[in-house]
Amino acid sequence: MARSLQDRATSLREWVDRTAREYPARLAMTVFAAVITLFTLLLLPPWATSTGEGARFVDALFTATSAVCITGLTVVDTALYWSEYGRAVILVGIKVGGLGVMTLASLLGLAVSRRIGLTQKLLTASETKTGTTRLGEVGSLIRLIIVVSTSIELAIAVILLPRFIALDENLGLAVWHSTFYGVSAFNNAGFVPTADGLLPYASDWLVIIPITLGVFVGALGFPVMLNLLQARRYGRRWVRHLSLHTKLTITTSVGLLVAGFVTIGAMEWANPATLGGQDLHTKFLSALSASVMPRSGGFSTFDVGEMRSESWLITDALMFVGGGSASTAGGIKVTTLAVMLLAIVAEARGDRDIDVFGRRIPRDTLRLSIAVVFIGATMVLVSCIALVRMTDFSLSEILFEVISAFATVGLSTGITPDLPDGGKYWLCALMYLGRVGTISVLGALALRDRRRVVRFPEERPIIG
């Protein structure tokens with residue numbers, strides 16, 4: 001009997017590994033659709049709501065999609081509408097969704113690296129510290145992702161726990177809040193267990209900093225975290241052993257953080273509805289949070305709906321870029337932006353190659369980046385047109401909600417609960433496509449490697 005179960009487990013692992021290599025898009029979309037369906041069913045019973053009346057299907061579907069796709073957009077108040085059971089289901093959905101994103105994206109990286117031999121692999125099948133288990137094995141990969149992610153979530157919760165106890169919360173409530181925020185922060189989910197979210201803690205460094213740091217680390221991506229852990233073995237020379245992907249992700253992420261901090265801080269500094277009414281140290285803390293959270297975090301220490309329109313535009317741009325590849329963050333990813341910017345710099349200098357950190361980026365990576373940006377922009381454009389026709393909200397409000405859904409961020413101007421059911425279903429589809437669509441499109445494009453025997457003559461069209 002035990003032998004039979006072991007054989008079945010081995011067969012299942014081989015099937016998942018083969019599917020991930022040969023049909024990554026199909027695997028990603030099927031798994032996420034099934035998980036969303038399951039959590040929708042778990043949120044439908046009467047005991048899932050605080051009133052005991054049972055949730056409307058569109059509200060259960062929207063919440064389940066937002067949790068599994070680790071977005072954070074809501075159509076009902078998480079703390080007030082859902083019961084303790086409902087909030088627990090949401091927390092489990094966030095955890096499952098975060099693990100699923102990192103696992104599927106990492107498996108895709110393995111599939112891409114095996115099929116077309118990229119110089120800088122998304123995730124190398126190198127040996128772990130044990131020296132025996134290879135990450136190419138699905139079981140080992142999943143176990144490592146679970147250990148790393150859970151360790152970081154617990155670390156955030158442990159840091160937050162004493163502070164919540166000091167704020168006159170009983171031990172049980174403090175454990176629940178710290179655990180919820182730890183899981184939600186690292187997975188860039190944006191869900192909050194209290195009605196006011198982080199607003200009461202806007203000036204509390206001991207709450208905001210751990211959550212903000214958790215969002216930033218979660219947005220770096222599993223390949224980066226793994227590479228950093230491996231590089232530690234080399235002592236003072238650890239920087240030399242960082243991959244190009246890690247260097248690009250970290251430098252671009254830090255650059256976006258600084259740019260967002262300066263621009264949003266400057267634009268909202270005198271706005272009495274956001275930063276203007278805060279003291280100096282709270283302004284700096286809120287500006288830092290407002291720069292990190294659009295990366296897919298979704299938390300806010302002030303009313304996003306009261307931000308100036310130019311701040312919305314900056315936030316739109318940060319949300320569209322998102323975080324790192326194979327991370328819990330959404331968007332087109334920071335490495336995509338980095339490759340595009342490096343290509344522009346190379347073109348301006350007249351260089352034939354795109355060089356950075358002593359490495360040359362292949363041309364097919366640039367083509368892939370262009371495709372990802374174009375597809376993402378097209379999804380946002382079509383969704384904006386659809387929602388503008390469905391509602392009476394302004395284009396700037398619609399654009400903000402659409403990018404937040406596509407990039408699985410969760411920040412909102414406050415119009416999502418007021419959307420018609422058709423608009424809610426549309427955002428559900430957008431969150432789903434924004435989460436698995438980029439993974440699927442990347443896999444479908446990267447795994448296409450056509451070898452042509454006959455090539456047409458070259459001729460340059462006029463550009464610009």
Side-chain angles (χ1 to χ4, degrees), residues 62 66 69 71-75 188 190 197-199 256-257 259-278 283 286-287 289-323 329-332 337 373-431 433-435:
F62 194 100
S66 185
C69 295
T71 303
L73 284 176
T74 58
V75 291
N188 283 217
L198 293 182
L199 294 181
L256 290 174
L257 187 152
F261 174 78
V262 173
T263 54
I264 296 178
M267 292 174 182
E268 297 298 320
W269 193 264
N271 184 353
T274 55
L275 302 186
Q278 300 177 345
K283 285 184 177 181
S286 296
S289 175
S291 176
V292 173
M293 295 311 170
R295 308 293 309 289
S296 199
F299 300 102
S300 180
T301 56
F302 53 80
D303 188 354
V304 174
E306 297 294 334
M307 293 173 68
R308 294 192 165 108
S309 56
E310 55 268 32
S311 298
W312 279 354
L313 188 59
I314 296 297
T315 306
D316 287 341
L318 292 173
M319 290 192 297
F320 187 73
V321 174
I332 62 171
L337 174 66
V373 172
F374 180 80
I375 293 171
T378 301
M379 293 172 64
V380 169
L381 175 63
V382 172
S383 298
C384 283
I385 294 174
L387 290 180
V388 164
R389 294 183 64 87
M390 289 183 193
T391 68
D392 296 325
F393 296 113
S394 67
L395 177 59
S396 57
E397 291 174 313
I398 293 295
L399 178 63
F400 194 98
E401 303 295 311
V402 164
I403 295 181
S404 183
F406 161 75
T408 65
V409 177
L411 292 176
S412 174
T413 60
I415 68 171
T416 301
D418 299 323
L419 292 174
D421 287 352
K424 294 176 183 178
Y425 284 122
W426 190 282
L427 286 188
C428 283
L430 188 60
M431 286 188 288
L433 292 175
R435 172 52 65 192

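For reference, positions follow the sequence shown, starting with 1. Excluded from the calculations below are hydrogen atoms, water molecules and symmetry mates; all remaining heavy atoms, backbone and side chain alike, are included.
At least one donor-acceptor pair closer than 3.5 Å links the side chain of Thr391 to the backbone N or O of Leu387. Here the side chain of Glu306 pairs no donor or acceptor atom with the backbone of Asp303 at under 3.5 angstrom. Ser66 contributes a side-chain N or O that, together with a main-chain N or O of Gly72, makes up a donor-acceptor pair within less than 3.5 Å. When atom types are taken as modelled, the side chain of Ser404 and the backbone of Phe400 share no donor-acceptor pair closer than 3.5 angstrom. Side chain of Ser291 to main chain of Leu257: a donor-acceptor pair is present (N/O by atom type, distance under 3.5 Å, no hydrogens or angles).
Taking OG1 of Thr301 as the reference point, atom CD of Gln278 lies at 6.0 Å (rounded to 0.5 Å). A distance of 10.5 Å separates CE in Met319 from CH2 in Trp312, rounded to the nearest 0.5 Å. Taking OG from Ser412 and CD from Glu397, the interatomic distance works out to 9.5 Å, rounded to the nearest 0.5 Å. If you take CG on Asp421 and CZ on Phe62, they are separated by 11.5 Å, rounding to the nearest 0.5 Å. Atom CZ in Phe393 sits 15.0 Å away from atom CG in Leu399 (nearest 0.5 Å). Between the CG atom of Leu318 and the OG atom of Ser296 there is a distance of 12.0 Å, given to the nearest 0.5 Å.
Looking at Ile375, Val402, Leu430, Ile385 one by one, the single match for side-chain contact (heavy atoms from CB on, under 4.5 Å) with Val380 turns out to be Val402.
Across Trp426 and Met390, no two heavy atoms sit closer than the pair CE3-CE, 4.0 Å. The nearest pair of heavy atoms linking Val75 to Pro417 is O-CB, 3.6 Å. Residue Ala329 comes nearest to Asn188 through the heavy atom pair CB-OD1, 3.7 Å, listed as atom of the first residue, atom of the second, then distance. Here the closest heavy-atom approach between residue Ser289 and residue Pro294 is recorded as O-CD, 4.3 Å. The two atoms that bring Met293 and Val409 nearest to each other are O-CG1, 3.7 Å, heavy atoms only. The two atoms that bring Thr408 and Met431 nearest to each other are CG2-O, 4.0 Å, heavy atoms only.
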* To do: May I have the step-by-step check of side chain to side chain contact (heavy atoms under 4.5 Å, CB included) for Glu401 and Leu73, ending in yes or no?
  => CA-CA 9 Å; Glu401 303 295 311; Leu73 284 176; 4.0 Å; yes
* Asked: Could you go step by step and tell me if Thr416 and Leu427 meet the side chain to side chain contact (heavy atoms under 4.5 Å, CB included) rule?
  -> CA-CA 9 Å; Thr416 301; Leu427 286 188; 4.3 Å; yes
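Using a 4.5 Å cut-off on side-chain heavy atoms (C-beta onward), Leu256 and Leu337 make contact.
Applying the side chain to side chain contact (heavy atoms under 4.5 Å, CB included) test to Ser300 and every residue at least two apart in sequence or in another chain returns Phe302, Val304, Leu411.
Ring centers of Phe406 and Phe320: under 6.0 Å apart, within the cut-off.
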Please tabulate, for the side chains in residues 261-268, all donor-acceptor contacts under 3.5 angstrom to protein atoms that are two or more places apart in sequence or on a different chain.
residue	atom	partner	partner atom	Å
Thr263	OG1	Ala259	O	2.7
Thr263	OG1	Gly260	O	3.4
Glu268	OE1	Asn271	ND2	2.8
Glu268	OE1	Thr274	OG1	2.6
Glu268	OE2	Arg308	N	2.9
Glu268	OE2	Ser311	OG	2.5

